[in-house]
Amino acid sequence: MSKLKAMLIFGTRPEAIKMAPVVKECLSRPDELETIVCLTGQHREMLQQVTDYFDIQADIDLKLMSPNQTLAGLTARCIQGLDEVLEQHKPDCVVAQGDTTTVMASSLVAFYRRIPLVHVEAGLRTGNMLAPWPEEMNRRVTGLIASLHCAPTERSAANLLSERVDPDTVHVTGNTVIDALLWAVDRERANDVQWREKYASLRDHRMVLITGHRRENFGQGFNDICESIRQLSERYPRVEFVYPVHLNPNVQGPVHDILGKCTNVHLVAPAPYPEFVWLMDRSAIILTDSGGVQEEAPTLKKPILVMRETTERPEAMDAGAVELVGTSIERIVGRVSALLDDPVEYAHHQIEKNPYGDGLAAQRIVDLMLKQEWQK
Ligand code: UD1
Ligand code: UDP
């Protein structure tokens, strides 16, 4: 049998973190696979932080990011650039992860060229096309096109089956985010002294870690998120609030305007993944609208308050680790306060087992790729 020529395409921070274990697994099997790593460069600095940490060498980098890019402009550039790459390299399959513009565009160009698509993290759904926006639409497009759906959980697999996707193409693999986290967390615990020195200003105070970047929250939602944090920082002067601020200008603006002068709010640059893993581990509570962070935090037994009205990751919510608080000031302030004030409430949010994976997802995904009929 000849080698499977697989092109792995990604472009943003979370895709890179979740694809890194798949890249490593593919590269560890050179007798069976020819691996081509293609970056769209939808993100720039935030992508490079991850490729540096996991030592991923890109074969192709389209460097597509432009400041404050529009969805349509980015989509158009991705489709054009990726189509040329597929024309040139003619892979046997394309592998893409998640729900970003990069994934949606990779799916479309693979479809136009009749190249099988492997979807990593398949089947997540909120059922609401506007939340997360535009990601719910992106992942549905990819779900229509994929030839192999690697669903992280039974629930995500069931979502696909309910959409009448061919059951033979749907497999539960676990989420590669846990492969990456388990690899990183021991290393960063070993680097504890270095990180404690860097974050000496936290002293031994409790810390709330914050991230936020969802497009559907821009405007009033984001202002309210920042106002909630401001009120919390006044109410709890001996709690430190660490906020690595996403580089999107729609995020940077309100965050710095509203929180810039709060002495116990630490606005820092997007943290390189190892540093962020340490920060999650060091935190008492995580306040976020991120998808990936919802999946990671339960492994570290951290309560997570999610600043969204809905989630495509209901497993950790059902298990008690995650609670949705939306963007209302009253709810965010109320629920963070409850977790800071009430140890019983806090303990309820610490769960024993992460529902998203066991660290072996990438191995299962590559095994499945190599078993497909389209494998020559
Ligand atoms: C994108 C994804 C979102 C994902 C998020 C992860 C889409 C539509 N959105 O949202 O699903 O959750 O990434 O973080 O695919 N920027 C930089 N440097 C960087 C990255 C971003 O300066 O390294 C700035 C640029 O001005 C850029 C803007 O942020 O134009 C927005 O980036 P974009 O990828 O379009 O959207 P995100 O909000 O990052
Ligand atoms: N992350 C990081 N540095 C940060 C914030 C997040 O490395 O400053 C990591 C985090 O551990 C998770 C991923 O980035 O693996 C989540 O990315 P993001 O929240 O940007 O996107 P989403 O998961 O919402 O698509």
Side-chain angles (χ1 to χ4, degrees), residues 10-21 39-54 63-75 77-78 96-106 121 124 131-139 141-142 175-181 183-185 188 209-218 222 242-253 266-281 283 286 288-297 299-300 302 304 306-308 311-313 356:
F10 47 100
T12 64
R13 167 173 71 192
E15 290 164 73
I17 291 167
K18 291 170 169 180
M19 284 290 267
L39 307 180
T40 59
Q42 174 176 339
H43 282 177
R44 191 165 44 209
E45 305 87 333
M46 288 163 55
L47 176 65
Q48 200 190 332
Q49 287 178 337
V50 184
T51 49
D52 285 353
Y53 181 61
F54 288 99
K63 297 189 188 330
L64 291 179
M65 197 200 89
S66 68
N68 210 3
Q69 57 206 1
T70 62
L71 292 174
L74 174 66
T75 303
R77 294 198 300 281
C78 277
Q97 191 285 334
D99 55 17
T100 65
T101 297
T102 288
V103 181
M104 189 264 291
S106 307
E121 197 183 82
L124 275 63
W133 177 80
E135 290 84 358
E136 180 78 359
M137 185 276 293
N138 288 343
R139 54 170 88 108
V141 169
T142 303
N175 197 314
T176 54
V177 77
I178 306 300
D179 302 24
L181 179 65
W183 187 78
V185 74
E188 301 322 316
L209 180 63
I210 302 156
T211 77
H213 70 276
R214 297 249 82 85
R215 277 173 198 262
E216 66 273 17
N217 286 344
F218 290 170
F222 234 90
V242 176
Y243 188 165
V245 189
H246 192 289
L247 294 177
N248 194 320
N250 299 290
V251 177
Q252 290 275 334
H266 308 261
L267 302 180
V268 298
Y273 180 62
E275 181 169 332
F276 191 76
V277 167
W278 181 83
L279 283 168
M280 285 195 287
D281 208 28
S283 70
I286 303 177
T288 187
D289 63 13
S290 163
V293 176
Q294 288 176 60
E295 295 157 343
E296 292 164 331
T299 295
L300 307 173
K302 303 300 172 182
I304 319 138
V306 175
M307 298 180 288
R308 294 171 52 178
T311 181
E312 60 287 84
R313 295 162 168 95
Y356 298 111

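In each ligand, atom 1 is the first atom listed, and ligand 1 is the first ligand listed. The model shown is predicted, which means the values in this text are computed figures rather than measured ones. Side chains included, hydrogens not; waters and symmetry mates left out as well; all remaining heavy atoms used.
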Asks: Side chain, backbone, both or neither: which applies to P132 and ligand 1 if a contact is any heavy-atom pair less than 4.0 Å apart?
Replies: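 No part of P132 comes within reach of ligand 1.
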Asks: What is the closest protein heavy atom to atom 5 (C) of ligand 1, and at what distance does it sit?
Replies: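 Atom 5 (C) of ligand 1 sits closest to the protein heavy atom H213 NE2, 3.6 Å.
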Asks: Of all the heavy atoms in H246, does at least one lie under 4.0 Å from an atom in ligand 1?
Replies: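 In this structure, H246 qualifies as a contact of ligand 1 - some heavy atom is under 4.0 Å.
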Asks: Which N/O atoms of ligand 2 sit under 3.5 Å from a protein N/O, and at what distances?
Replies:
| residue | atom | partner | partner atom | Å |
| --- | --- | --- | --- | --- |
| ligand 2 | 3 (N) | R13 | NH1 | 3.4 |
| ligand 2 | 3 (N) | A271 | O | 2.7 |
| ligand 2 | 7 (O) | A271 | O | 3.4 |
| ligand 2 | 8 (O) | R13 | NH1 | 3.4 |
| ligand 2 | 8 (O) | A271 | N | 2.9 |
| ligand 2 | 11 (O) | E296 | OE1 | 2.8 |
| ligand 2 | 11 (O) | E296 | OE2 | 3.1 |
| ligand 2 | 14 (O) | R13 | NE | 3.4 |
| ligand 2 | 15 (O) | E296 | OE1 | 3.4 |
| ligand 2 | 15 (O) | E296 | OE2 | 2.5 |
| ligand 2 | 19 (O) | S290 | OG | 2.7 |
| ligand 2 | 20 (O) | R13 | NE | 3.3 |
| ligand 2 | 20 (O) | R13 | NH2 | 2.8 |
| ligand 2 | 23 (O) | S290 | OG | 3.4 |
| ligand 2 | 23 (O) | G291 | N | 3.4 |
| ligand 2 | 23 (O) | G292 | N | 2.7 |
| ligand 2 | 24 (O) | H213 | NE2 | 3.4 |
| ligand 2 | 24 (O) | R214 | NH1 | 3.1 |
| ligand 2 | 24 (O) | S290 | OG | 3.4 |
| ligand 2 | 24 (O) | G291 | N | 2.8 |

Asks: For atom 18 (N) of ligand 1, find the nearest protein heavy atom and state the residue, atom name and distance (0.1 Å precision).
Replies: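 Going by distance alone, atom 18 (N) of ligand 1 is nearest to E45 OE1, 2.7 Å.
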Asks: Any heavy-atom pair between the side chains of I17 and Y53 that's under 4.5 Å?
Replies: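 They are not in side-chain contact.
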Asks: For ligand 1, find out whether one of its N or O atoms is nearer than 3.5 Å to an N or O atom of E135.
Replies: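 Indeed, backbone or side chain, E135 has an N or O that close.
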Asks: Check if R214 has a non-hydrogen atom at a distance under 4.0 Å from any atom of ligand 1.
Replies: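 Distance cut 4.0 Å: R214 passes for ligand 1.
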Asks: Answer with yes or no whether S66 contacts ligand 1, where contact means a heavy atom under 4.0 Å from a ligand atom.
Replies: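 Heavy atoms of S66 do come under 4.0 Å of ligand 1.
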Asks: Backbone or side chain, does any N or O of T100 fall under 3.5 Å from an N or O of ligand 1?
Replies: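 Such a contact does not occur with ligand 1.
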Asks: For A180 and Y273, which heavy atoms make the closest approach, and how far apart are they?
Replies: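 Distance-wise, the nearest heavy atoms are C-OH, 3.6 Å.
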Asks: So is L71 polar-close to ligand 1, meaning N/O to N/O under 3.5 Å?
Replies: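 No - when backbone and side-chain N and O of L71 are compared with those of ligand 1, no distance drops under 3.5 Å.
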Asks: Under the rule for ring-ring contact (aromatic ring centres under 6.0 Å, His included), what residues qualify as partners of H246, not counting sequence neighbours?
Replies: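 For H246, the residues satisfying ring-ring contact (aromatic ring centres under 6.0 Å, His included) (neighbours in sequence not counted) are H43, H213.
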Asks: For T12, is at least one N or O under 3.5 Å away from an N or O on ligand 1?
Replies: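 No, there is no polar N/O contact under 3.5 Å.
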